[in-house]
Trainee: 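I am attaching a structure below and will ask some questions about it afterwards.
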Amino acid sequence: MREQLKGHLNNPWTLFFGVILLFWLKTYAVYQTEFQLGIKNVMQSFLLILNPISSLLLFFGLALFFKGRKRAWAILIIDFLLSFVLYANVVYYRFFNDFITLPTVLHSNDAGELKDSAFALMQVSDVFYFVDTLLILGLILFKVVKPQAPIQKKKIGLVFAAAAIFFTVNLGLAETDRPQLLTRSFDRTYLVKYLGQFNYQIFDAVTTIKSSSQSAFASSDDLTDVRNFVEANRTEPNPEYFGKAEGMNVVYISLESLQSFVIGKEIDGQEVTPFLNSLVEDQNTFYFDNIFHQVGQGKTSDAEFMMANSLYPLPSGSVAMEKARNTYQAQPAILEQKGYSTASLHGNGKTFWNRDELYKSFGIQKFFDASYYDMNEEDVHNYGLKDKPFFEQSMPYLESLEQPFHAKMLTLSNHHPFTMDEGDVDFPTPETDDSVVNGYFQTAKYMDESIEQFFNDLKESGLYDNTVIVMYGDHYGISNNHNSAMEEVMGKEMNPYENAQLQRVPLFITAPGVEGKQVHKYGGHMDIRDTVLHLLGVETDEFITFGSDLLSEDHREIVPFRNGDFVTPEVTSVNEQCYANPTGEKVDAEACEQAGKFAKESLELSDKVVYGDLLRFYEPEGFKPVNRDDYNYTVDQTKPFQENPEHEKEQK
Ligand code: GP9
Ligand code: MN
């Protein structure tokens with residue numbers, strides 16, 4: 001038998017494919033036992049089986065270039081290195097519920113938390129993760145494997161071609177389940193689930209290298225034209241409103257996919273958003289009906305980024321995934337330094353949109369993610385916890401925050417494809433043949449009910465009177481692909497001009513004790529930070545901002561979209577075609593020229609700041625640079641912030 005085995009092993013392909021097979025099984029076992037990948041359908045289960053193959057062919061394929069004794073040793077070394085990376089991820093995941101990124105390895109502080117407890121996270125049974133490596137070592141030492149015959153270059157080429165084909169098929173199938181996976185990347189868990197541990201690791205390395213090369217050659221000189229532009233375009237606050245809400249708590253609510261066209265809209269004589277409609281008239285609410293979203297591919301996270309920074313998100317990809325570790329002077333940090341406690345609450349996992357990294361750079365002290373909520377099956381749909389249980393379960397966390405606080409709450413029930421569980425909402429749908437458009441009105445109604453319930457809970461808790469509530473639609477929910485159903489619903493033709501008008505998202509700022517009003521000025525996500533900070537009585541003169549206070553007499557009404565289109569009260573530019581408002585008639589390009597110049601310059605300069613990580617060269621007066629190591633979302637977030645061990649270390 002030993003002779004037989006020896007005979008087989010001397011066929012150069014036996015050892016190669018045998019080792020790959022073992023490693024494949026091992027990876028699959030890790031997926032099933034160590035990681036929570038949230039497998040939701042048959043395609044995802046299939047991809048989990050398929051996804052290790054391409055990278056194993058690629059890495060072990062390298063060993064084929066060696067011959068004689070060296071090949072077996074090369075296989076052993078590759079096997080050990082891959083096992084080590086896999087196992088390191090297992091240990092890291094046990095602690096952080098996340099996957100290793102290259103920056104975590106490079107910045108020793110980040111992995112530092114793990115150093116002390118790494119041993120505690122290891123188990124004797126973990127030897128299993130190296131059994132195949134030990135087996136190969138045994139085969140070599142006991143000379144079961146003889147020196148290996150050379151392999152023709154052509155055949156080696158076939159192995160790499162097979163790796164490429166497996167990867168292409170894998171990615172193609174993944175994209176049918178989650179379009180734009182590589183461009184938007186979304187979540188490390190998604191990348192591992194769809195593309196596999198090692199392909200994720202390659203992707204992460206490439207992204208990290210790309211990102212650091214973008215900022216490597218930037219210098220403080222690059223800030224000069226940015227600062228000149230920002231100074232020339234700064235909008236002075238309106239003294240009538242400056243400081244009107246000083247010292248109050250602030251709660252931001254991201255209204256998932258909510259577009260302005262639902263406000264005031266009725267289906268079968270019933271209002272879609274009766275509660276939000278009542279706020280339009282509310283005496284303490286500012287309602288803005290000409291605000292446009294400015295997000296790119298990072299969607300919800302892009303909107304969060306703008307709320308915090310008044311900088312544009314990236315033209316492609318997501319700023320949260322690619323530039324989370326930049327230096328920022330974000331609103332939570334600004335308010336933290338004014339004595340606010342800061343938090344974010346969301347009924348989805350903390351790694352989604354890389355929030356657990358991004359929030360550290362923003363100065364968010366506490367992050368209550370899905371692990372702080374009762375995610376029972378009945379209360380979870382699509383991306384996570386439904387809005388009603390989310391708001392309900394968030395109340396104790398809000399009440400536990402030290403006041404004044406700045407809290408961010410992200411809703412998610414009104415999300416594409418806009419489905420609900422039976423019994424969640426009782427509302428008629430329009431009768432188009434497009435289920436996405438039909439469903440949208442039901443999920444929007446559900447969100448409206450959840451917000452009404454939250455307002456009531458705030459009142460009951462006594463927090464309401466001392467809290468400013470800022471609610472903004474994060475981006476469109478109905479894309480241009482649904483134009484024909486939208487024509488039925490809106491009762492007008494959908495064309496590029498109308499599609500641009502549909503990018504309006506509602507903005508409500510409710511400030512009890514302050515007299516509100518309806519504001520018809522044109523503006524965008526970019527303008528919200530200055531508006532809110534000024535209401536809170538916080539000067540913004542020192543900060544780099546591409547926004548303009550919406551309540552200011554001099555508010556600038558040019559709204560660049562992230563794709564380069566823009567609107568002003570007079571004109572709309574789509575694909576460099578200029579249209580007059582509100583008729584939508586095509587007009588001479590000249591009418592759009594001036595605003596176009598401003599839009600282009602703002603986008604370009606903001607991109608320069610983000611790509612070059614330029615804020616690291618700028619220290620606003622009276623503002624202390626954020627130290628990411630102060631923030632730690634792996635310790636118990638219900639404990640007072642100062643108790644975070646990392647934070648204490650920093651104080652000493
Ligand atoms: C998930 C939620 C949805 O956490 O924020 O993100 P989106 O797909 O809208 O960007
Ligand atoms: Mn969203």
Side-chain angles (χ1 to χ4, degrees), residues 15-39 44-63 72-106 110-111 113-115 117-139 159 163 166-167 170-171 174 185 187-208 349 351:
L15 181 68
F16 177 73
F17 284 116
V19 166
I20 287 183
L21 180 70
L22 287 181
F23 211 108
W24 184 17
L25 293 173
K26 179 166 80 176
T27 314
Y28 191 71
V30 169
Y31 289 164
Q32 293 293 0
T33 55
E34 299 283 356
F35 301 152
Q36 291 135 29
L37 296 173
I39 298 296
Q44 295 180 10
S45 314
F46 173 68
L47 287 176
L48 209 59
I49 300 174
L50 181 77
N51 74 34
I53 301 177
S54 59
S55 45
L56 293 180
L57 285 172
L58 172 74
F59 288 119
F60 283 107
L62 297 174
W73 282 104
I75 286 179
L76 175 74
I77 291 169
I78 293 167
D79 193 275
F80 173 73
L81 291 177
L82 294 182
S83 302
F84 182 79
V85 171
L86 185 67
Y87 183 60
N89 271 286
V90 166
V91 175
Y92 189 84
Y93 196 91
R94 284 177 189 159
F95 190 74
F96 291 102
N97 251 298
D98 199 349
F99 299 95
I100 296 177
T101 64
L102 197 55
T104 20
V105 180
L106 299 177
D110 291 5
E113 291 163 46
L114 191 58
K115 250 186 259 145
S117 43
F119 282 112
L121 295 163
M122 295 179 188
Q123 299 156 7
V124 181
S125 55
D126 291 349
V127 174
F128 166 74
Y129 296 126
F130 293 92
V131 163
D132 51 340
T133 322
L134 294 171
L135 183 71
I136 306 169
L137 182 67
L139 291 177
V159 169
F166 269 107
F167 181 73
N170 184 166
L171 181 62
S185 54
D187 187 359
R188 281 181 281 284
T189 311
Y190 276 31
L191 292 167
V192 174
K193 168 166 80 174
Y194 285 113
L195 301 180
Q197 179 68 50
F198 296 109
N199 286 327
Y200 153 70
Q201 224 80 57
I202 297 171
F203 177 83
D204 171 64
V206 172
T207 323
T208 308
T351 58

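The first residue of the sequence shown is numbered 1, and numbering continues consecutively from there.
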Trainee: Once rounded to the nearest 0.5 Å, what's the spacing between atom OH of Y200 and atom OG of S185?
Mentor: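 Result: 10.0 Å between the selected atoms.
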Trainee: Please round to the nearest 0.5 Å and tell me the distance separating atom CG of N199 and atom CZ of F166.
Mentor: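 Separation between the atoms: 12.5 Å.
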Trainee: For A205 and L102, which heavy atoms make the closest approach, and how far apart are they?
Mentor: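 Heavy-atom minimum between the residues: CA-CD2, 4.0 Å.
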Trainee: Which atoms form the tightest heavy-atom contact between A163 and L58, and what is the distance?
Mentor: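 In terms of heavy atoms, the two residues are closest at CB-N, 4.0 Å.
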Trainee: Indicate whether the side chain of T101 and that of D204 have a donor and an acceptor atom separated by less than 3.5 Å.
Mentor: no
Trainee: Side chains of T133 and F84: does their closest heavy-atom pair fall under 4.5 Å?
Mentor: no
Trainee: Is it the case that atom CZ in F16 sees more than 12 heavy atoms from other parts of the structure closer than 6.0 Å?
Mentor: yes
Trainee: For the residue pair S83 and K26, what are the closest heavy atoms and their distance?
Mentor: OG-NZ, 2.7 Å
Trainee: So, the side chain of D126 versus the backbone of Q123: is there a donor-acceptor pair under 3.5 Å, distance only?
Mentor: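 Side chain of D126 to backbone of Q123: a pair is present.
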Trainee: So L137 and L76, side chain to side chain contact (heavy atoms under 4.5 Å, CB included) or not? Walk me through it.
Mentor: CA-CA 7 Å; L137 182 67; L76 175 74; 3.7 Å; yes
Trainee: Is any side-chain heavy atom of I100 closer than 4.5 Å to a side-chain heavy atom of V85?
Mentor: no
Trainee: Classify the ring geometry of Y190 against Y194: parallel below 30°, tilted from 30° to 60°, perpendicular beyond 60°.
Mentor: perpendicular
Trainee: For R94 versus L121, what's the shortest heavy-atom pair and its separation?
Mentor: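 In terms of heavy atoms, the two residues are closest at NH1-O, 2.7 Å.
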Trainee: Does D79 reach the main-chain N or O of I75 with its side chain, forming a donor-acceptor pair under 3.5 Å?
Mentor: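 Checking the backbone N and O of I75 against the side chain of D79, no donor-acceptor pair under 3.5 Å is found.
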Trainee: Any heavy-atom pair between the side chains of D132 and V19 that's under 4.5 Å?
Mentor: no
Trainee: Under 30°, 30 to 60°, or over 60°: which ring-plane class applies to F59 and F198, parallel, tilted or perpendicular?
Mentor: perpendicular
Trainee: Check the pair F35 / N89 against side chain to side chain contact (heavy atoms under 4.5 Å, CB included), numbers first and verdict last.
Mentor: CA-CA 9 Å; F35 301 152; N89 271 286; 4.2 Å; yes
Trainee: Could you give me the CA-CA distance, side-chain angles and deciding distance for L195 and N170, then say whether side chain to side chain contact (heavy atoms under 4.5 Å, CB included) is met?
Mentor: CA-CA 7 Å; L195 301 180; N170 184 166; 4.0 Å; yes
Trainee: Please round to the nearest 0.5 Å and tell me the distance separating atom CZ of F17 and atom CG of L57.
Mentor: 6.5 Å
Trainee: Let me confirm one number: the CZ-CG distance from F60 to L82, rounded to the nearest 0.5 Å.
Mentor: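 One finds 5.0 Å between CZ of F60 and CG of L82.
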Trainee: If you round to the nearest 0.5 Å, how far is CG of L134 from CG of L139?
Mentor: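 Separation between the atoms: 11.0 Å.
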Trainee: In Å, rounded to the nearest 0.5 Å, how long is the span from CG of L86 to CG of L81?
Mentor: 12.5 Å
Trainee: How close do R188 and D98 get, heavy atom to heavy atom, and via which atoms?
Mentor: NE-OD1, 2.8 Å
Trainee: So, F99 versus Y92, ring centres under 6.0 angstrom or not?
Mentor: no
Trainee: Does any N or O in the side chain of W24 come within less than 3.5 Å of the main-chain N or O of I49, such that one atom is a donor and the other an acceptor?
Mentor: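 Flag set: sc W24 to bb I49 pair under 3.5 Å.
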Trainee: Compare every heavy atom of K193 with every heavy atom of L48, then report the nearest pair and how far apart it is.
Mentor: CD1-O, 3.8 Å
Trainee: Between N97 and Q36, is the side chain to side chain contact (heavy atoms under 4.5 Å, CB included) condition met? List the steps.
Mentor: CA-CA 8 Å; N97 251 298; Q36 291 135 29; 3.4 Å; yes
